[in-house]
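Reckoned from all heavy atoms, side chains included, excluding hydrogens, waters and symmetry mates.
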Amino acid sequence: MAMRLEVPPESVPKDAEAGTGKPRNKPGGWKLAIKRDWRLYTLVLLPLAYFAVFRYLPMVGNVIAFRQFQPGGNIFGEKWVGLKYVTLFINDPSFWQAFQNTVILGVLTLLFCFPMPIIFALLLNELRSQKFKKLIQTVTYLPHFMSVVIIAGMILQNFSMTGTVNQIGHALFGTTVNFTQEAAWFRPMYISSEVWQTMGWGAILYLAALTRVDESLYEAARIDGANRWQQTWHVTLPAIRPTIITLLILNIGTFMAVGFEKILLIYNPLNYATSDVISTYLYRVGLESSNFSYAAAIGMFESVIGLTLILSANALSKRLAGTSLW
C-alpha cells in the first residue's frame with residue numbers, strides 16, 4: 001500500500017510565489033548587494049562621474065539656443081529670444097551645404113567602413129597559420145592607436161603634389177592630381193583613410209563573436225554538401241548577426257557625427273563644397289565667430305536627428321530581426 005506524504009501549509013516558505021517556487025524580492029535587497037559587492041560598484045564611479053560632468057551637465061547650457069548669449073555675460077544668456085537662432089540656421093544656405101556634406105559622408109562611411117571589418121574578420125577566420133594571422137592583426141590594428149594629427153599628416157603628405165600617390169600616378173600615367181585642393185577628391189580621400197584606420201580595430205568584436213560559433217554546425221553543413229561560401233552565408237553570418245545589428249545601430253546613432261578632428265585638419269577653403277560638415281561649421285560660427293547661441297541651436301538640431309535615427313534603427317531592428325539594444 002503506497003504511503004502519501006502531505007506537507008503542512010506552515011512548512012511552505014512565506015516568501016515563495018504561489019505556483020512558481022521563486023522567492024520574492026525582499027525589501028532592502030539592493031543594500032545587501034552594495035554591502036557585499038561594494039568593491040565592484042566602486043569601479044563604475046569614475047565612468048559615471050565622467051558622463052555626469054562631460055555629457056549630462058553640459059546639456060544645461062543648451063538653453064542658450066533660445067536665449068541671446070554674450071561673451072562675458074550671463075552663462076545662461078541675457079534675454080529670451082525663442083526660436084530666433086533656429087530660424088537663422090534654417091534660412092542659412094551655408095548650413096544646408098554643411099548638412100548635405102554631413103549626410104553624404106555619413107552614408108559613405110556607413111556603406112564602406114561598416115562592412116569592411118566584417119569582411120576582414122571573416123577572411124582572418126579562414127587563416128590556418130596562427131603566426132601569420134597574428135601578424136596581420138597587429139599590422140591592421142596599429143592605425144587605430146595613431147593620433148589623429150599623425151593620420152592627418154600622413155594623408156596630406158601622401159596625397160600632396162609630390163606625395164606617394166602622385167608619384168605612382170606620374171610613373172604609371174604621366175599625370176598628377178592636386179587631391180588636397182580639389183573638392184571632388186576630398187570624399188574618396190577621407191573614406192579611404194577611414195577604412196584603413198578602422199578596419200582592423202573594428203574586426204576585433206567580430207573575431208570574438210566568431211569564436212563562439214558551434215563547430216558542430218559547420219560539420220552538419222559539410223555533411224549536407226555546403227562549400228566554404230555556403231557555410232559562411234548560412235552558418236557564420238547568422239551566428240554573428242546580433243553583434244552586427246548592435247554595432248549597426250550604434251553606427252547609425254553616430255551617423256551625423258563624422259570625424260570632426262580629421263576633417264578639421266585636412267580640409268581647406270578650396271574644398272569646402274564637399275568637406276565642410278556640421279561639426280566644422282559649428283566650430284567656425286561658434287568658436288571663431290563667438291556666435292555661441294547660433295552654434296548651440298545647430299548642435300541641438302544635430303542631436304535630435306541623431307536621437308531619432310538611433311531610436312528608429314532600434315525599433316526597426318527589433319521588429320524585423322528580433323534583436324535590439326533595449
- prompt: Taking ILVMFWY side chains as joined if any heavy atoms are under 4.5 angstrom apart, and letting links pass through other members, which residues group with V139?
  reply: L135

Same apolar cluster (I L V M F W Y, side chains within < 4.5 Å links), [X]/[Y]:
| X | Y | result |
| --- | --- | --- |
| L270 | I155 | no |
| L282 | V304 | no |
| V103 | L307 | yes |
| F120 | L142 | no |

What is the minimum heavy-atom distance between [X] and [Y], and which atoms define it?
| X | Y | result |
| --- | --- | --- |
| F292 | G286 | CE2-O, 3.4 Å |
| K262 | S193 | NZ-OG, 3.4 Å |
| Q231 | A221 | CG-CB, 4.0 Å |
| A296 | A65 | C-CB, 3.9 Å |
| S275 | T280 | O-OG1, 4.4 Å |
| P238 | P242 | O-CD, 4.1 Å |

Calculate, to the nearest 0.5 Å, the distance between atoms [atom1] and [atom2] belonging to [X] and [Y] respectively.
| X | Y | atom1 | atom2 | answer |
| --- | --- | --- | --- | --- |
| F89 | I278 | CZ | CD1 | 9.0 Å |
| N314 | I245 | CG | CD1 | 10.5 Å |
| I240 | T232 | CD1 | OG1 | 9.5 Å |
| N271 | E182 | CG | CD | 10.0 Å |
| F159 | S192 | CZ | OG | 4.5 Å |
| L207 | L122 | CG | CG | 9.0 Å |

Looking at side-chain heavy atoms only, is the closest gap between [X] and [Y] below 4.5 Å?
| X | Y | value |
| --- | --- | --- |
| Y190 | T274 | no |
| F186 | I263 | yes |
| F66 | L83 | yes |
| Q230 | D224 | no |
| L205 | T246 | no |
| I252 | L248 | yes |
| Y206 | N125 | no |
| F114 | L247 | yes |

message: Determine whether a donor-acceptor pair (N or O, by modelled atom type, separation under 3.5 Å) exists between the side chain of Q167 and the backbone of T162.
response: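 Answer holds: yes.
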
field: Aromatic ring pairing F145/W201, orientation class (parallel under 30°, perpendicular over 60°, tilted between)
entry: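 F145 vs W201 ring planes: perpendicular.
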
field: salt bridge (Lys or Arg N to Asp or Glu O under 4.0 Å) partners for E302, two or more places apart
entry: none

- request: Test side-chain contact (heavy atoms from CB on, under 4.5 Å) on F69 and Y85 and set out the steps.
  value: CA-CA 11 Å; F69 177 82; Y85 297 106; over 6 Å; no

Any salt bridge (Lys or Arg N to Asp or Glu O under 4.0 Å) pairs touching [range], not counting sequence neighbours?
| range | value |
| --- | --- |
| residues 103-132 | E126-R228 |
| residues 264-280 | D276-R284 |
| residues 246-261 | none |

- request: Keeping to residues at least two apart or across chains, list the side-chain hydrogen bond (donor to acceptor under 3.5 Å, both in side chains) pairs with something in residues 209-222.
  value: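 Sorted pair list: D214-S216, Y218-T236.
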
- prompt: Among pairs that include at least one residue of residues 89-115, which meet side-chain hydrogen bond (donor to acceptor under 3.5 Å, both in side chains), considering only residues two or more places apart or in two chains?
  reply: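 side-chain hydrogen bond (donor to acceptor under 3.5 Å, both in side chains) check on residues 89-115 returns D92-Y281, D92-Y294, Q97-N101, N101-R187.
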
message: Evaluate S312 against T308 for side-chain contact (heavy atoms from CB on, under 4.5 Å), listing each step before the verdict.
response: CA-CA 6 Å; S312 302; T308 304; 4.0 Å; yes

Test side-chain contact (heavy atoms from CB on, under 4.5 Å) applied to Y141 and I204, step by step: CA-CA 9 Å; Y141 292 170; I204 292 179; 3.5 Å; yes

With a cut-off of 6.0 Å (strictly less than), are more than 12 heavy atoms of other residues, nucleotides or ligands near [atom1] of [X]?
| X | atom1 | answer |
| --- | --- | --- |
| Y272 | OH | yes |
| F112 | CZ | no |
| K318 | NZ | no |
| W229 | CH2 | no |
| W196 | CH2 | yes |
| H144 | NE2 | yes |

field: Residues forming a side chain to side chain contact (heavy atoms under 4.5 Å, CB included) with N166, sequence neighbours excluded
entry: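 Side chain to side chain contact (heavy atoms under 4.5 Å, CB included) check on N166 returns M161, T176, V177, F179.
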
query: For S289, what residues pass the side chain to side chain contact (heavy atoms under 4.5 Å, CB included) criterion, not counting sequence neighbours?
result: none

query: Out of I104, L111, L110, which one pairs with V107 under the side-chain contact (heavy atoms from CB on, under 4.5 Å) rule?
result: L111

Table please: side-chain donor-acceptor pairs of residues 45-60 below 3.5 Å, with sequence neighbours left out.
none

Would you give me the side-chain donor-acceptor pairs under 3.5 Å for residues 32-41, sequence neighbours excluded?
none

query: What residues form a side-chain hydrogen bond (donor to acceptor under 3.5 Å, both in side chains) with Q68, not counting sequence neighbours?
result: none

